[in-house]
There are 2 protein chains.
Amino acid sequence: MKIPKPTDAELEILQVLWEYGANTVRFVNEHLNEKKETGYTTTLKLMQIMHGKEMLSRDDSNRTHIFDAAVKEEDIQKELLDKFLDATFRGSASKLVMHALGNSQTSKEELDQIRQLLDQLEGGK
Amino acid sequence: MKIPKPTDAELEILQVLWEYGANTVRFVNEHLNEKKETGYTTTLKLMQIMHGKEMLSRDDSNRTHIFDAAVKEEDIQKELLDKFLDATFRGSASKLVMHALGNSQTSKEELDQIRQLLDQLEGGK
DNA sequence: TTTGATATACGAAACAATTCGTAGATAAAC
DNA sequence: GTTTATCTACGAATTGTTTCGTATATCAAA
């Protein structure tokens, strides 16, 4: 199966569906509007395009269609991360990781999780 | 000072200058061509635009101009990372970190560096 | 000093992503 | 049953990015 690469606007829509599950255009549009004014038909058009690309599934058995993400969050994240890592950090994962941890406030629990992963990775070296 | 956000093509040019230092359009173009065929004037135009945006400095005391990055690699990386983190991982740095480390092969030295950073971060909690 | 290679400048084409207006269908409210 | 609100469909405008063709200048080699 081939994974389509979402554009920025498409990704925003996916985020809403990943977070809240299958929903209407109106619901998605209203969520997007919390961050940035967007016309209803703009969101509609985008979701139609995404459906065309098989990025979204659509239940059109009722007048008001229900859309859902047809791609896995993790798959898309992995795909975008690969590209970003390469373009921005020339492939150096450790640099990216250091920046990411340096900038943001990450909880102790999350840091411990990362530490566990390090143990696991380093175990195999 | 305001940091301009480079586009994809602009970032590729910055990467060359960050890696090799101040250089000519031809040099940059030839490096870009290793990855992807690009016309000379395309690269030239882009670098002129970037100069206009004050993303690159230019020494035009000779016929062949010498360009250099006028923005710090770290600053741009931080800026792009923030945006990417938000757009793709809804701000969860730990998720991004786990993905990044999971996907790529990172050396033992790098992993140790990350571990040190963790110690440091966790020390303050 | 003519020819050829190589430089900059820059308008405009080509391409891609996003936004919006409008038409037409359906449902709900009156 | 007529009006009003809400839905989808979709063409087209807008905006942003990238690519390229062409004009013109400069330098070096013949």
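Quick caveat: nothing in here was measured; it's all calculated off a predicted structure. Within every chain, numbering begins at 1; the chains are lettered A, B, ... in the order of the sequence lines, protein sequences first and strands thereafter.
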Holding to side chain to side chain contact (heavy atoms under 4.5 Å, CB included), I want the full list of residues that pass it with D8(A), two or more places apart in sequence or in another chain.
K83(B)
So do the side chains of N29(B) and T24(B) get within less than 4.5 Å of each other, counting heavy atoms only?
no
Does anything in residues 31-62 of chain A come within less than 4.0 Å of DNA chain D? Heavy atoms only, and list the residues if so.
Y40(A), T41(A), L44(A), K45(A), Q48(A), R58(A)
Specify the angle, to 10°, made by the local axes at the two ends of the helix from dT1(C)-dA30(D) to dC30(C)-dG1(D) when five pairs are taken at each end.
10°
List for me each residue that meets side chain to side chain contact (heavy atoms under 4.5 Å, CB included) alongside L32(B), sequence neighbours excluded, and say none if there are none.
E12(B), I13(B), V16(B), V28(B), T38(B), T43(B)
Measuring from Q120(A):CD to L111(B):CG, what's the distance to the nearest 0.5 Å?
12.0 Å
Could you go through residues 45-55 of chain A and list every donor-acceptor pair under 3.5 Å that involves a side-chain atom there, pairing it with any protein atom two or more places apart or in another chain?
| unit_1 | atom_1 | unit_2 | atom_2 | d |
| --- | --- | --- | --- | --- |
| K53(A) | NZ | E10(A) | OE1 | 3.4 |
| K53(A) | NZ | E10(A) | OE2 | 2.7 |

Salt bridge or not between D119(A) and R115(A)? Use side-chain N to carboxylate O under 4.0 Å.
no
For nucleotides 14-16 of chain C, give me every protein contact, N/O to N/O, under 3.5 Å, one pair per line with atom names.
none

Under 3.5 Å side-chain donor-acceptor pair for Q15(B) and E19(B)
no
What parts of residues 12-29 of chain A reach DNA chain D, counting only heavy atoms under 4.0 Å away?
R26(A)
Note, N103(A) side chain near L85(B) side chain (heavy atom, < 4.5 Å)
no
Taking ring-ring contact (aromatic ring centres under 6.0 Å, His included) as the cut-off, I'd like each qualifying pair that reaches into residues 6-34 of chain A, sequence neighbours left out, listed once.
Y20(A)-F27(A), Y20(A)-H31(A), F27(A)-H31(A)
Are any non-hydrogen side-chain atoms of L80(A) and L11(A) less than 4.5 angstrom apart?
yes
Once rounded to the nearest 0.5 Å, what's the spacing between atom OG1 of T42(B) and atom CD of E37(B)?
10.0 Å
Chain A footprint on DNA chain D, 5' to 3' - any atom under 4.0 Å from a heavy atom:
dT6(D) to dG11(D)
Readout for nucleotides 25-30 of chain C: B = base within 4.0 Å of protein heavy atom, S = sugar-phosphate only, - = neither; 5' to 3' it is BBS---
Any residue meeting side chain to side chain contact (heavy atoms under 4.5 Å, CB included) with S94(A), in chain and number order, not counting sequence neighbours
S92(A), T106(B), E110(B), I114(B)
Show every donor-acceptor pair shorter than 3.5 Å between a side-chain atom in residues 61-70 of chain A and any protein atom, with sequence neighbours excluded, or say none if there are none.
| unit_1 | atom_1 | unit_2 | atom_2 | d |
| --- | --- | --- | --- | --- |
| S61(A) | OG | D59(A) | OD1 | 2.7 |
| H65(A) | ND1 | N62(A) | O | 3.3 |
| H65(A) | ND1 | R63(A) | O | 3.3 |

Which heavy-atom pair separates A100(A) from L96(B) by the least distance, and what is that distance?
CB-CD2, 3.9 Å
Nearest 0.5 Å please: distance from the CG atom of L117(A) over to the CD atom of E122(A).
10.5 Å
For residues K72(A) and I76(A), determine if any side-chain heavy atom of one lies less than 4.5 Å from a side-chain heavy atom of the other.
no
Side-chain contact test, heavy atoms from C-beta onward, threshold under 4.5 Å: evaluate it for T88(B) versus F84(A) and give yes or no.
no
